[in-house]
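The block underneath contains the structure these notes are about, expressed in C-alpha cells.
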Amino acid sequence: MTNTTKSQVNPNFQIPKRVNKGVMRKERTFLMIKPEGVERGLIGEIIGRFERNGFKIIALKLSKISRELAEKQYEEHRGKDFFDDLVSYMSSAPTVSMVIEGENAIAVAREMAGVTDPKLAKPGTIRGDYGIDVQRNIIHASDSEKSAKREISIHFENLNF
Ligand code: IDP
Ligand code: MG
C-alpha cells in the first residue's frame, strides 16, 4: 500500500508522501499565488491541489499588495541583487494570499510547490508544472514554522481563529 495517489485532474500530479510519517502535526502555513499565476488563470488549479490533498483553506484574499508589504514579506532577502525586482514584481498586479491548515502543512506545501527554480523543479510540483523562471515561479510557501507565523500575521492581521 502506498500513500501516493494520483490526482483525478492532472495525471502527472503526485500527492507527495507525508513528511515525517510517524509525527503528524496539524499546522498552518502561508501561501501566495504570484502575479503570473493569477494572470494566467491558475488560481483554481493551485488551490484545488491543496484542497484535494486534504488541506483546509483557513483564509483567502485576492489583492494587489503594496510595495511595503512585499518588502516585509521578503525581508530576509533585502540587499540581494534580485530584491528590488522581486518586490516590484510582487506588488505590480493582484496576488492570492491564503492560509491553509493540515498535517505537516509547512513541509508538505513546500514539497508541493517544488524547488525555487522552475527549470529544476520536478514535474508534478506546482513550479515544475507552471513556473516560468526563478522570479515568476508561481507560488510562495513559508519555509518554516517561524516564517509561517510571521507571514500569516503580516498578511492576515485580523486572523483570530
Ligand atoms: P523560495 O521561494 O523557494 O523560498 P527564496 O530563495 O526564499 O525561494 O527566494 C524568494 C523568491 O525570490 C523566490 O521564490 C523567487 O521568486 C525570487 N528569487 C530567488 N532567487 C532569485 C534569483 O536568483 N533571481 C531572481 N529571483 C529570485
Ligand atoms: Mg523563501
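Order of listing sets the numbers, starting from 1, for every ligand and every atom in it. Here the structure is a predicted model, which means the values were calculated and not measured.
Rounding to the nearest 0.5 Å gives a distance of 10.0 Å between NE2 of H140 and CG of L86. Note that OG1 of T29 is 6.5 Å distant from CD1 of I100, once rounded to the nearest 0.5 Å.
Considering only non-hydrogen protein atoms, atom 3 (O) of ligand 1 sits nearest to T116 OG1, 2.5 Å. Regarding atom 7 (O) of ligand 1, its nearest protein heavy-atom neighbour is H77 NE2, 2.8 Å. Of the protein's non-hydrogen atoms, the one nearest atom 22 (C) of ligand 1 is F82 CD2, 3.5 Å. Of the protein's non-hydrogen atoms, V134 O, 3.1 Å is the one closest to atom 15 (C) of ligand 1.
For ligand 1, the atoms closer than 4.0 angstrom to any heavy atom of K34 are 13 (C), 14 (O), 15 (C), 16 (O). Distances below 4.0 Å separate heavy atoms of R110 from the following atoms of ligand 1: 1 (P), 3 (O), 4 (O). Listed by number with element, the atoms of ligand 1 under 4.0 angstrom from any heavy atom of L86 are 11 (C), 12 (O), 16 (O), 17 (C). Taking a cut-off of under 4.0 Å to the non-hydrogen atoms of Y74, the atoms of ligand 1 that pass are 10 (C), 11 (C). Each of the following atoms of ligand 1 lies closer than 4.0 Å to a heavy atom of N137: 13 (C), 14 (O), 15 (C), 16 (O).
Ligand 1 lies nowhere less than 4.0 angstrom from a heavy atom belonging to H140.
In this structure, the side chain of Q73 does not engage the main chain of E151 through any donor-acceptor pair within 3.5 Å. E27 contributes a side-chain N or O that, together with a main-chain N or O of A105, makes up a donor-acceptor pair within less than 3.5 Å. Without hydrogens or angle criteria, S142 side chain to F30 main chain gives a donor-acceptor distance under 3.5 Å.
By the criterion of a heavy-atom distance under 4.0 Å, neither the backbone nor the side chain of R136 is placed next to ligand 1. Residue-level proximity to ligand 1 for R127 is carried by the side chain, the only part with a heavy atom below 4.0 angstrom.
By the 4.0 Å N-to-carboxylate-O rule, R78 lies close enough to E75 to be salt-bridged with it.
In terms of heavy atoms, I132 sits closest to P118 at N-CG, 4.0 Å. Taking both residues in full, the closest heavy atoms of I138 and E36 are given as N-OE2, 2.7 Å, listed atom of the first, atom of the second, then distance.
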